[in-house]
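First up is the structure itself, then whatever we jot down about it.
Below, chain A is the first sequence line, B the second, and so on; all start at residue 1.
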Number of protein chains: 2
Amino acid sequence: MIEIGEVTVPAATVARLPFYLRALRDLTREGVATTSSSDLAERSGVGSAQLRKDLSYLGSFGTRGVGYEVESLSSYIAAALGLGSEHRLAIVGVGNLGHALANYSGYAARGFQVVALLDADPAVVGGRAAGIEVEHVDHLERIIVERHVSMVVLATPGPPAQGIAERVVSAGVREILSFAPVALHLPDDVVVRSVDVAGELQILAFHAAARHANGVAAPGADVPAS
Amino acid sequence: MIEIGEVTVPAATVARLPFYLRALRDLTREGVATTSSSDLAERSGVGSAQLRKDLSYLGSFGTRGVGYEVESLSSYIAAALGLGSEHRLAIVGVGNLGHALANYSGYAARGFQVVALLDADPAVVGGRAAGIEVEHVDHLERIIVERHVSMVVLATPGPPAQGIAERVVSAGVREILSFAPVALHLPDDVVVRSVDVAGELQILAFHAAARHANGVAAPGADVPAS
DNA sequence: TATTGTGAACTACTTCACAGCA
DNA sequence: TGCTGTGAAGTAGTTCACAATA
């Protein structure tokens, strides 16, 4: 539940806005000018009532009997997501994953810009990734302030993550995306999104175990529901 | 809501089990033999009532007035998560991200094993990552069957993802972890978990925009609640 | 006495179903 | 006529608060 100005938007709705935006941009690329809640929902992987309800939290964008204009809805959602303002990222931890994240090409198109790479390992510091020099994490606070970093991506191992996160917050950053396998304890006004690849695999493993416990034999064979 | 044998476990609970397991393994590493719901919850980043309620869906593991035995709870959760059985993974798409995922070192400890890397790009096929040869995605079905692959990690670009996912499913795989920025349409009995880095950043951007709309001036300054 | 396990209350989210409107 | 926008109903998830008990 997130307050923005007068209105309140459910967190679950916010988490789906990126899907809608992605689908709308695909439509633009295909040269489609108008769409409906059912088409857009289908492309986004949600139900059409869900989509209409989600949009209703932000305002009223469609035309009854007709649908939505792709361009205007797309710009509206992009604006709601705060794209358009420039978001300056620092990536802390330039191992396998940090390296891959630095090289990810989708940032620019979406209003994000990587302005610093930091690591603690002397073997990595001084090197380059994606054309950016890797600097020592000791200078984290200075770099955040000088380069107006507004979001930090944590791609460090678990143990140093809490300490680095605290330093990041003390330097003024309030939005953190963490890939570190630990629960971060930070002030309530800091927003942390965590991505845990090992955890996702474990969730899949739970489903696989449930499937077997419920007695599915061969691939392709299905258990009749209830 | 997931049925397993007699009992029903909320999906939200399943998604937290990996956090509990991680915290328990940290405790083991620290040589702690016994813990309480409040300590374990704190380490997992959830409330203690939440943790107790979650465990109650799986059974009754603690001792009133005392707490939980770390080792036995840890093994129980690992078993519930289907670790212990071996899970054989194929990674499709060996770009930056696929490469990083192949090199991720956390698999073995958790019962996962990468047994194939696949890509469509002739420049990548034949190369190696993490000591495994990259094979052509044309052979996907054969490789899945021959090597008993039970889970697939999709790290391809968006456009080919749907087609590859369908082939993966037709070869018998029912658990997919996707990093591709598209909604996959697959039969209901297939479990798909999606990770969308760009989407996560957009969600953070929404929070940043909300913060500014609600009038926060300088870093460190807080808006009083309500 | 301290801490678990759990009904009950509450909150959040989703889906339905239809009135409203171009 | 067809599709949006939205109250109302239904479902899922969280938190409370306390009885059970080692």
* Asked: Is it the case that A:Ser150 and A:Glu175 place a side-chain donor and acceptor less than 3.5 Å from each other?
  ->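 No pair is found: no donor N or O on one side chain lies under 3.5 Å from an acceptor on the other.
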
* Hey, does A:Leu83 have a side-chain heavy atom less than 4.5 Å from the side chain of A:Leu21? ->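 Answer yes - side chains close enough.
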
Rounded to whole Å, please give me the gap between [atom1] in [X] and [atom2] in [N].
X       : N      : atom1 : atom2 : result
B:Leu40 : C:dT3  : CG    : P     : 14 Å
A:Tyr68 : C:dA22 : OH    : P     : 15 Å
B:Ile2  : D:dA12 : CD1   : C1'   : 13 Å
B:Met1  : D:dT14 : CE    : C1'   : 13 Å
A:Glu42 : D:dC3  : CD    : C1'   : 17 Å

* Does a side-chain N or O from B:Ser37 land closer than 4.0 Å to OP1 or OP2 of C:dT4, or not? ->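 So the side-chain polar atoms of B:Ser37 do come within 4.0 Å of the phosphate oxygens OP1 or OP2 of C:dT4, strictly under.
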
* Among C:dC13, D:dG2, D:dT21, which is the nearest nucleotide to the side chain of A:Arg64? ->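 Looking only at heavy atoms from C-beta outward on A:Arg64, the closest nucleotide is D:dG2.
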
For residues 59-69 of chain A, please give each side-chain donor-acceptor pair under 3.5 Å, one per line with the distance, not counting sequence neighbours.
none

* DNA chain C: 5'-proximal contact among B:Gly65 and A:Ala12 (nearest heavy atom) ->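 Its nearest nucleotide lies further toward 5', so the answer is B:Gly65.
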
* To do: Determine, for B:Arg43 against B:Asp39, whether the closest basic-nitrogen to carboxylate-oxygen distance falls under 4.0 angstrom.
  =>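 Counted as a salt bridge, because a side-chain N and a carboxylate O are separated by less than 4.0 Å.
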
* Check each residue of residues 45-63 of chain B for a non-hydrogen atom within less than 4.0 Å of any atom in DNA chain C, then write out the ones that pass by number, or none. =>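 Heavy-atom contacts with DNA chain C come from B:Arg52, B:Lys53, B:Ser56, B:Ser60, B:Phe61, B:Gly62, B:Thr63.
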
* Partners of A:Tyr57 by ring-ring contact (aromatic ring centres under 6.0 Å, His included), sequence neighbours excluded? ->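 In terms of ring-ring contact (aromatic ring centres under 6.0 Å, His included), with neighbours along the sequence ignored, A:Tyr57 is linked to no residue.
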
* Work out which heavy atom in B:Asp54 is nearest to a heavy atom in B:Tyr20; give both atom names and the distance. =>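 It is OD2-OH, 2.5 Å.
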
